[in-house]
Number of protein chains: 2
Amino acid sequence: MMARDVDAALREHGIQPSAQRLVVADFVLRTDEHPTAEQVFDRVKSRLPMISRATVYNTLNLFVEKGLLRELVLGRSKDGERRVVFDPNLDAHHHFIDDATGAIHDVPWEAVKVSKVDRLEGYDVREYQVVMRGRAKRGARR
Amino acid sequence: MMARDVDAALREHGIQPSAQRLVVADFVLRTDEHPTAEQVFDRVKSRLPMISRATVYNTLNLFVEKGLLRELVLGRSKDGERRVVFDPNLDAHHHFIDDATGAIHDVPWEAVKVSKVDRLEGYDVREYQVVMRGRAKRGARR
DNA sequence: GTTCGTGCAAACGGTTTGCAACAAT
DNA sequence: ATTGTTGCAAACCGTTTGCACGAAC
């Protein structure tokens, strides 16, 4: 997503742009780092030092509500922190979590094949993803 | 797991049994309900009214550390609560989360087939699971 | 002037921790 | 005696909320 599109992206999702929302969006919609709310706050504060934590939390929640962003709750990072992170990638994809660093990598939908989900007895599966954990080799694409 | 085996299970995992630990284990190792810490506390308190929340939390963390129990952090329940739950099922399996109730159901490993995980470029996958969300039909097995 | 967004600080809820009492070995 | 376990209460940390100010339409 290009910088000039951020404003349009907000409007398309029924979100009234504001300086704060644009700065948050400009970071969170363009990253592939799956940041936590705190990381978004830090990043955004460097560009808009007077922004408050509450605004960042409210903005992120708003983006999730409006479908601009997805929230991932995948477990704990290496140092035992529970983690809620944000993912601007709205396409179906899987996730790989690096044991060593806790980093979350997107895995393209076609890279893994899941079968029989639609034949699961008793369950009507609306969506699914594979969550993998292990070691990322050096130079792995994110 | 049978009641009389709970004591043995603790010892086998290097956990010194105590009245509190036995009561916690007797519930959490035998349930298929994926309880939260709070739910464990409530259940256990009815059998051991003087037990403290801290002991339950400490005990659950100890069990996870010692590999008796797994902690799942899979997202939010229907009412928006973030949830950390405990799962005594140590065998590889998948999870289905009911959109309507937030209930987590174990899905047997063989019920879903995942391929190409071992061929993922750049990643050395140690373990994985499929996380599904949707509607559980009436009478679905847990 | 009404609505909407922001900043601040206080509140909140789940979890952890420090510590003194206690039990087990 | 030493070591490990418990209960209590306070601390903690990420997140949410109430409220008054200010900006935008």
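Sequence lines set the chain letters: A, B, ... in the order given, protein chains first and strands last, and positions in each chain run from 1.
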If you restrict it to nitrogen or oxygen atoms, what contacts under 3.5 Å exist between nucleotides 22-25 of chain C and the protein, and what is each distance?
none

Rounded distance in Å - CD (E38(B)) to P (dT15(C)): 8 Å
Residue set satisfying ring-ring contact (aromatic ring centres under 6.0 Å, His included) with H93(A), at least two apart, ordered chain then number -> H95(A)
Results of side chain to side chain contact (heavy atoms under 4.5 Å, CB included) for P88(B) - residues two or more places apart only: L29(B), L69(B)
N58(B) atom CG is separated from dG14(C) atom P, nearest whole Å, by 17 Å
Nucleotide range of DNA chain D contacted by chain A, 5' to 3', under 4.0 Å to a heavy atom? dG14(D) to dT17(D)
Check every strand shown and say whether N61(A) touches a base, only sugar-phosphate, or nothing at a heavy-atom separation below 4.0 Å. sugar-phosphate
Specify the separation, in whole Å, of atom CG of L22(A) and atom C1' of dC4(C). 15 Å
Y57(A) has an atom OH; how far is it from atom C1' of dC12(C), in whole Å? 13 Å
Given side chains that start at C-beta, do those of V131(A) and Q129(A) come closer than 4.5 Å, heavy atoms only? yes
Looking for any heavy atom pair under 4.0 Å, which part of the strands does Q20(A) touch: base, sugar-phosphate only, or nothing? sugar-phosphate
Roughly how many Å is it from CD in E65(B) to P in dT16(C), rounded to a whole number? 11 Å
What pairs with E71(A) under side chain to side chain contact (heavy atoms under 4.5 Å, CB included), at least two apart in sequence or on another chain? V64(A), V73(A), V84(A), F86(A), R76(B), R82(B)
Check whether any side-chain nitrogen or oxygen of T55(A) sits under 4.0 Å from OP1 or OP2 of dG7(C), and answer yes or no. yes
Test of understanding: with side chain to side chain contact (heavy atoms under 4.5 Å, CB included), list the residues that count as partners of S46(B), not counting sequence neighbours. none
In whole angstrom, give the distance that lies between atom CZ of R21(A) and atom P of dG7(C). 11 Å
